[in-house]
Visitor: 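Below you will find the structure I want to go over with you.
Numbers for residues simply follow the sequence, beginning at 1.
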Amino acid sequence: MPLLAIETTCDETAAALISPERQILSSVVASQDELHARWRGVVPEIASRAHVERIIPIIDQATNEAGIQQSQIKAVAVAIRPGLIGSLLIGLSAAKAIASSLHVPLIGYDHLAAHLYACRLAFGEELKYPAIGLVASGGHTSLFQLHSPIALQALGGTIDDAVGEAFDKVASLLGLGYPGGPQIEKLAQTGNPRSHRFPRPLANDSSRLDFSFSGLKTAVRYQIWPPGDQHARTLTDEERADLAASFQQAAVESVVAKVGLAIQKTGCRVVAVGGGVTANKALRSALEELGKRHRATILIPPTNLCTDNAAMGAIAWEHIDRNDIADLELDVRPNIYRKKKQRVRHRDGSHQ
Ligand code: KG4
Ligand code: ZN
């Protein structure tokens with residue numbers, strides 16, 4: 001008897017049915033990209049409204065595609081943290097309603113732990129613990145030491161923008177659509193990644209496992225619209241491609257540097273990665289190279305399990321195995337991993 005997993009942390013409405021053997025019986029994802037595209041980023045209010053409209057049809061579609069009746073659902077699981085508060089609450093309300101009407105257990109799971117659990121789904125076996133976890137997405141750039149699938153110890157995270165947010169904002173500066181990551185990746189294919197030497201803030205600071213991307217984003221902006229100028233420059237296609245490629249290179253190197261440092265500091269030789277940005281081919285191959293250099297196993301799920309989906313809600317079986325069942329008091333934790341924004345002081349005395 002499968003469990004129903006519901007995922008509404010940001011702007012994807014998703015539902016999946018997963019068997020106790022972690023087999024994905026169905027996985028449906030309704031993207032809201034077209035609703036947010038004109039704003040070039042997720043608008044929380046629009047996301048919440050779309051979740052309300054879509055959640056029940058998506059759950060129905062997932063049960064139909066799995067070939068089961070709702071009465072056969074053994075448990076209902078929902079991502080309760082982190083995420084946008086309105087979006088999270090809609091998934092949680094749906095999960096509570098279905099679990100209580102079917103008289104089945106309710107499980108709340110962590111979205112970032114679930115991103116990393118996608119490795120277990122993709123590679124079909126338990127990871128060797130302790131392992132390192134890297135989540136690189138639109139909302140997070142976080143490193144963890146994993147002691148089990150559900151026991152995450154934070155090693156570091158971004159002190160300002162998430163790496164996916166930087167991709168989305170640079171895409172917007174370059175006049176590309178939303179979400180920006182895939183479009184930057186495409187444009188970067190024809191550009192020269194060495195045409196601009198953009199900053200890699202914190203990448204060489206071996207004392208900490210934190211990331212910073214807002215300075216990189218600002219550096220790209222200054223190339224397009226130099227400080228003090230009245231107008232943005234008109235860029236040729238070649239210049240835009242060079243900026244995209246150089247930005248992508250700096251972002252990838254910034255992420256990979258800290259994964260290497262985490263391997264050195266912890267001695268862990270298994271790295272699970274997840275989150276939308278790990279769909280990026282340049283990042284995937286840089287991580288594979290890093291694995292070879294450090295003799296570490298880097299587990300990278302296929303791209304459909306990197307971006308938001310509910311199949312990774314299979315992690316709820318780990319909670320069930322540990323008898324970690326919630327009740328109707330279950331609540332959302334939108335900002336659980338959020339660090340206070342910090343300012344980075346540069347050698348020339350300026351701040352970001
Ligand atoms: O994990 P995800 O689907 O949602 C969040 O939990 O945030 O990640 C979405 C982020 C967006 O910022 C998107 O631009 C980025 O992942 N992304 C990519 C690629 N595909 C998605 N970034 C770089 N290259 C890609 N191919
Ligand atoms: Zn995500």
Visitor: Does Phe167 have its ring centroid less than 6.0 Å away from the ring centroid of Phe247?
Guide: yes
Visitor: Do the side chain of Arg120 and the main chain of Ala314 share a donor and acceptor less than 3.5 angstrom apart?
Guide: no
Visitor: Whether the side chain of Lys74 engages the backbone of Leu3 through a donor-acceptor N/O pair (distance < 3.5 Å, no angle test) should be reported.
Guide: no
Visitor: With the threshold set at 4.0 Å, does a side-chain nitrogen-carboxylate oxygen contact exist between Arg322 and Asp324?
Guide: no
Visitor: Say whether, by atom type as modelled, one donor and one acceptor occur between the side chain of Trp317 and the main chain of Ser19 under 3.5 angstrom.
Guide: yes
Visitor: Check this for me, if you would: do Arg49 and Glu45 make a salt bridge, where the nitrogen-to-carboxylate-oxygen distance has to be below 4.0 angstrom?
Guide: yes
Visitor: Dump the intermediate steps for side chain to side chain donor-acceptor pair (under 3.5 Å) on Gln189 and Glu185, then the final yes or no.
Guide: CA-CA 7 Å; Gln189 281 165 6; Glu185 177 170 7; 5.2 Å; no
Visitor: So for atom OH, which belongs to Tyr222, do other residues, nucleotides or ligands contribute more than 12 heavy atoms lying within a distance under 6.0 Å?
Guide: no
Visitor: Can Glu165 and Lys169 be counted as an ion pair, charged N to O under 4.0 angstrom?
Guide: yes
Visitor: Phe213 vs Phe211 aromatic rings, parallel, tilted or perpendicular, using cut-offs 30° and 60°?
Guide: parallel
Visitor: Could you go step by step and tell me if Thr8 and Thr13 meet the side chain to side chain donor-acceptor pair (under 3.5 Å) rule?
Guide: CA-CA 5 Å; Thr8 59; Thr13 318; over 6 Å; no
Visitor: Is Asp168 salt-bridged to Arg40, cutoff N-O under 4.0 Å?
Guide: no
Visitor: Does any donor atom in the side chain of Tyr337 or Asp110 lie under 3.5 Å from an acceptor atom in the other side chain?
Guide: yes
Visitor: Ignoring hydrogens and angles, tell me if any N or O in the side chain of His51 forms a donor-acceptor pair with the backbone of Cys10 under 3.5 Å.
Guide: yes
Visitor: Between Thr141 and Val163, is there a donor-acceptor pair closer than 3.5 Å when you use the side chain of the first and the backbone of the second?
Guide: yes
Visitor: Salt-bridge test for Glu318 and Arg22: reply yes if a basic N is under 4.0 Å from a carboxylate O, no otherwise.
Guide: yes
Visitor: For a quick check under 3.5 Å, do Ser27 and Asn309 share a side-chain donor-acceptor pair by atom type?
Guide: no
Visitor: Atom CD of residue position Glu238 - does it have more than 12 heavy atoms of other residues, nucleotides or ligands inside 6.0 Å?
Guide: no
Visitor: Has Arg240 got a side-chain atom pairing as donor or acceptor with Leu174's backbone, closer than 3.5 angstrom?
Guide: yes
Visitor: Applying side chain to side chain contact (heavy atoms under 4.5 Å, CB included) to Arg233 and Ile224, what does each step give before you reach the verdict?
Guide: CA-CA 6 Å; Arg233 294 172 50 218; Ile224 298 168; 5.7 Å; no
Visitor: Could you tell me whether the side chain of Glu288 and the main chain of Leu290 form a donor-acceptor pair under 3.5 Å?
Guide: no
Visitor: For the pair Ser246 and Gln248, evaluate side chain to side chain donor-acceptor pair (under 3.5 Å) and give the outcome as yes or no after the intermediate values.
Guide: CA-CA 5 Å; Ser246 301; Gln248 179 174 270; over 6 Å; no
Visitor: Donor-acceptor pair, distance only, cut-off 3.5 Å: does the side chain of Asp242 make one with the backbone of Ser195?
Guide: no
Visitor: Hey, what else clusters with Leu35 if you join Ile, Leu, Val, Met, Phe, Trp, Tyr whenever side-chain heavy atoms sit under 4.5 Å?
Guide: Trp39, Val43, Ile46
Visitor: If you draw a 6.0 Å radius around NZ in Lys265, do more than 12 non-hydrogen atoms from other residues or ligands fall strictly inside?
Guide: yes
